[in-house]
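The block underneath contains the structure these notes are about, expressed in structure tokens.
Chain letters run A, B, ... following the sequence lines, proteins first and then strands; every chain starts at 1.
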Number of protein chains: 2
Amino acid sequence: MRILLIEDEKELAAALAVALSKHGIVIDHTTHLADAAELVRQSDYDAILLDRRLPDGEGLSFIPLLRRVGRDAPIIVLTARNEPMERVEGLDIGADDYLGKPFLVQELMARLRAVLRRPAALAELQINVGRMVVDPLHLSVKVDDVPLDLPRRELLVLSALAKRRDKTVLRSTLEAAVYNYEEEIQSNALDAHISRLRKRLSDAGAGVSIHNIRGVGYLLKEE
Amino acid sequence: MRILLIEDEKELAAALAVALSKHGIVIDHTTHLADAAELVRQSDYDAILLDRRLPDGEGLSFIPLLRRVGRDAPIIVLTARNEPMERVEGLDIGADDYLGKPFLVQELMARLRAVLRRPAALAELQINVGRMVVDPLHLSVKVDDVPLDLPRRELLVLSALAKRRDKTVLRSTLEAAVYNYEEEIQSNALDAHISRLRKRLSDAGAGVSIHNIRGVGYLLKEE
DNA sequence: GTCTCCGTAATGCTGCTGCAATTTTTGCGG
DNA sequence: CCGCAAAAATTGCAGCAGCATTACGGAGAC
């Protein structure tokens, strides 16, 4: 669990960091909106705790900014500005919850849990071929719902093929999917991977086959 | 938009009905939990407003009941019982928000909107794998219903794995789940955690195993 | 103090992976 | 239909990257 805390009161921040870390939460802390924007670009947080009064502006202004970048982590506003109408303002600008200072850490935790129970709907890209399901994002392959673990390079080849199922994938495309610039290859390493991959897939009864298009590349399809 | 209001104060209920209807919300109102259970069976509400003190019992008890039937409509508790620890209790039993009486209708509306913005599906509160139950939000693990206490970092690793059971979890994802920027790690700390975790799980007879996908990451599955 | 957690590093080992040699397949021209 | 050359498939092998395990010591909790 990874949380971004945007809060300029150092003591409160430190106390929260300690308290939340006991609950197994990893906190990144910053005091300025500008830094927060940068941090958010770099990693994907499970939740964001946001103060309103910050050295470089009103915390709430961060919310639309965040959403516009496509981040949907839940946001809890922590602030001394706790009049009912201020709460309405915060919630309507897009906060998921609003908690007035001072507060019990226990209540913050409970509100965090409440907000985290509802997962960000992330587009799950899964490719079904034959009896096989390939998930290139999670780098996982299942056959008949049982996980199949493949060596890294074979996994890369397979997922490159699966992304373009029933279409020819150029040999050069496959090489690019498996090797980066530094590691040039000399021999028929790719062919070898294909060969071993075929064997593993057929052993597992994946219900797919890898065809070769002579001089061009390969193609994955159901058998 | 259709909402179920479970509230025994007639005047408040009537006022709410009027207020919300101006926002185009349809309210079904009942004063008893028993009736509420019946109503929920019949229609699918977008949200539920729940009082705690009700003629036939504690309102909170309705929440697990509802979830068990597979309804995931967001629930906002409206109540005069507004001590911090009472709020914690309500949220942790599964409410999505908790609003003390008296309140402004505007704030209720704002909280409703906040809650309705969130994706509909509820995350699994608890993950069952093998003989083990993992609760990533509370960070607790049980084997055959007896609590198993694990060191914090091992717990974090385990819950990151459990959230994606049967899927590969990237090494980098695991690292991010356990460490923040300040605490970079140099060595094979993660490997060591995995190793110790394996031992503890097997000692406890958890009925799961952690597989390694060479060059990619790890994967938790039943054995 | 005593205990557990946790990062580090040393050790041993597994099996991935690149290579090359050999065999098989494919497409083409005679 | 056959023969040939180029492309692809297969497989053994050796090197080594990545992983598992464990011991040790520091740090912090109680």
Within this structure, what is the CG-to-P distance between A:D149 and C:dG15, rounded to whole angstrom?
11 Å
Looking at B:S195, I'd like to know whether one of its side-chain N or O atoms comes within less than 4.0 Å of OP1 or OP2 on D:dT21.
yes
Mind calculating the distance between CG (B:L155) and C1' (C:dT4) to the nearest angstrom?
15 Å
What is the distance, to the nearest angstrom, from the CG atom on B:N188 to the P atom on C:dC6?
15 Å
Spacing of B:L197 atom CG relative to D:dT22 atom P, expressed in whole Å
14 Å
Is there a side-chain polar atom (N or O) of B:Y179 under 4.0 Å from OP1 or OP2 of C:dG7?
yes
Check whether any side-chain nitrogen or oxygen of A:H193 sits under 4.0 Å from OP1 or OP2 of C:dG18, and answer yes or no.
yes
Look at the side chain of B:R200 and the backbone N and O of B:P151, then say whether any donor-acceptor pair between them is shorter than 3.5 Å.
no
For B:N212, answer base if it contacts any base atom (sugar-phosphate contacts may also be present), sugar-phosphate if it contacts only those atoms, and nothing otherwise; contact means non-hydrogen atoms under 4.0 Å.
sugar-phosphate
Once hydrogens and angles are ignored, does a donor-acceptor distance under 3.5 Å link the base of D:dT22 to the side chain of B:D191?
no
What donor-acceptor contacts under 3.5 angstrom involve side-chain atoms of residues 55-65 of chain A, with partners at least two apart or in another chain?
unit_1, atom_1, unit_2, atom_2, d
A:D56, OD1, A:L33, N, 3.0
A:D56, OD2, A:L33, N, 3.2
A:D56, OD2, A:A34, N, 3.1
A:E58, OE1, A:R52, NE, 3.4
A:E58, OE1, A:R52, NH2, 3.0
A:E58, OE1, A:R81, NH1, 3.4
A:E58, OE2, A:R52, NE, 3.2
A:E58, OE2, A:L60, N, 2.9
A:S61, OG, A:E58, O, 2.7

Side-chain donor-acceptor pair present, B:N82, B:Y98, cut-off under 3.5 Å:
no
May I ask you to say what B:R198 touches in the nucleic acid, namely base, sugar-phosphate or nothing, with a heavy-atom cut-off under 4.0 Å?
sugar-phosphate
Rounding to a whole Å, what distance do you find between A:L190:CG and C:dC19:P?
12 Å
Answer yes or no: side-chain N or O of B:R214 and base N or O of C:dT14 forming a donor-acceptor pair under 3.5 Å.
yes
Short N-O contact, A:E9 and A:K101, less than 4.0 angstrom
yes
So, does A:R153 get its side chain near the phosphate of C:dG15, meaning an N or O under 4.0 Å from OP1 or OP2?
no
Return the value, rounded to whole Å, for the distance between atom CG of B:D203 and atom P of D:dT21.
12 Å
Atom CZ of B:R200 and atom P of D:dA20: how far apart are they, to the nearest Å?
17 Å
Distance, rounded to the nearest Å, where A:I213 contributes CD1 and C:dT26 contributes P:
12 Å
Does a side-chain N or O from A:Y218 land closer than 4.0 Å to OP1 or OP2 of D:dA7, or not?
no
B:R171 has its side chain closest, among C:dA9, D:dT10, D:dC19, to D:dC19
Does the C:dG7 base have a donor-acceptor partner in the side chain of B:R196 within less than 3.5 Å?
yes
Side chains of A:H193 and A:S195: donor-acceptor distance under 3.5 Å anywhere?
no
